[in-house]
Amino acid sequence: ERVYTYSGFELYTYELDGTDYVASIVFLDDSVVTKEGIYLYSTYAEVIAAYGEGYTKTFNLYSYESGKSKLAFLIEDDHVTSIEYIAILQ
């Protein structure tokens, strides 16, 4: 596994058969936004408006799956405190 740190996010990779693949992308600050405009410190209402009610909730973690990836928001005190794109490995 390798970690690449960029301005505003970290990229985590894993190696399979000599090739690096993206395992996850973690937002580090509010300078990076999702395609739908959500960033760290967005509100719960903004997340729901952008992504809808089709999430899976585990404690304060709201996850949306699409294809082979998952987008996860940690929401505390009505605000997003963590955003992560995660590859679903099967």
Side-chain angles (χ1 to χ4, degrees):
E1 182 174 289
R2 292 186 177 103
V3 179
Y4 299 93
T5 302
Y6 298 94
S7 178
F9 68 97
E10 288 183 333
L11 178 69
Y12 292 80
T13 65
Y14 66 96
E15 185 177 325
L16 181 64
D17 298 328
T19 302
D20 281 346
Y21 295 92
V22 174
S24 66
I25 300 169
V26 178
F27 290 27
L28 300 176
D29 60 41
D30 62 358
S31 69
V32 182
V33 300
T34 68
K35 183 174 77 170
E36 291 77 9
I38 302 300
Y39 52 91
L40 290 178
Y41 313 113
S42 290
T43 66
Y44 168 77
E46 291 170 325
V47 171
I48 299 306
Y51 293 96
E53 299 278 348
Y55 57 79
T56 301
K57 182 180 176 191
T58 306
F59 299 104
N60 291 340
L61 190 67
Y62 296 76
S63 301
Y64 296 86
E65 286 191 25
S66 178
K68 294 185 177 185
S69 65
K70 177 169 45 173
L71 176 57
F73 299 97
L74 183 62
I75 299 178
E76 299 173 311
D77 296 324
D78 196 46
H79 288 86
V80 175
T81 58
S82 176
I83 301 173
E84 184 173 6
Y85 284 97
I86 306 161
I88 298 173
L89 309 173
Q90 296 180 11

> Does Tyr85 share a hydrophobic cluster with Phe9, counting links as ILVMFWY side-chain heavy atoms below 4.5 Å and allowing steps through other members?
Replying inline: yes
> Are any side-chain N or O atoms of Thr34 and backbone N or O atoms of Ile38, one a donor and one an acceptor, separated by less than 3.5 Å?
Replying inline: yes
>> Which residues pass the side-chain hydrogen bond (donor to acceptor under 3.5 Å, both in side chains) test with Asp29, not counting sequence neighbours?
In response: Ser31
> Mind checking whether Val3 and Leu11 have side chains closer than 4.5 Å, heavy atoms only?
Replying inline: no
> Other than Phe59, what residues sit in its cluster of Ile, Leu, Val, Met, Phe, Trp and Tyr side chains whose heavy atoms are under 4.5 Å apart, directly or through others?
Replying inline: none
> Can you tell me how far CD1 of Ile86 sits from CG of Leu89, rounded to the nearest 0.5 angstrom?
Replying inline: 10.0 Å
Enumerate, atom names and distances included, each donor-acceptor pair closer than 3.5 Å involving a side-chain atom of residues 60-75, sequence neighbours excluded.
unit_1	atom_1	unit_2	atom_2	d
Tyr62	OH	Lys57	NZ	3.4
Tyr64	OH	Gly52	O	2.8
Ser69	OG	Ser66	O	3.2

> When clusters are formed from ILVMFWY side-chain contacts under 4.5 Å, directly or step by step, what else is grouped with Tyr39?
Replying inline: Val33
>> Would you say that more than 12 heavy atoms from the other residues, nucleotides or ligands in this model lie under 6.0 Å from the OH of Tyr4, or not?
In response: yes
> Is it the case that one hydrophobic cluster holds both Val22 and Ile88, taking links as side-chain heavy atoms less than 4.5 Å apart, direct or via other members?
Replying inline: no
> Which residues satisfy the side-chain contact (heavy atoms from CB on, under 4.5 Å) test with Asp78, sequence neighbours excluded?
Replying inline: Thr43, Tyr44
>> Suppose the criterion is side chain to side chain donor-acceptor pair (under 3.5 Å): which pairs have a residue in residues 9-27, not counting sequence neighbours?
In response: Arg2-Asp20, Thr5-Glu10, Glu10-Tyr12, Ser24-Glu84
>> One pair to check against side-chain contact (heavy atoms from CB on, under 4.5 Å): Thr81 and Leu40. What are the steps and the verdict?
In response: CA-CA 6 Å; Thr81 58; Leu40 290 178; 5.8 Å; no
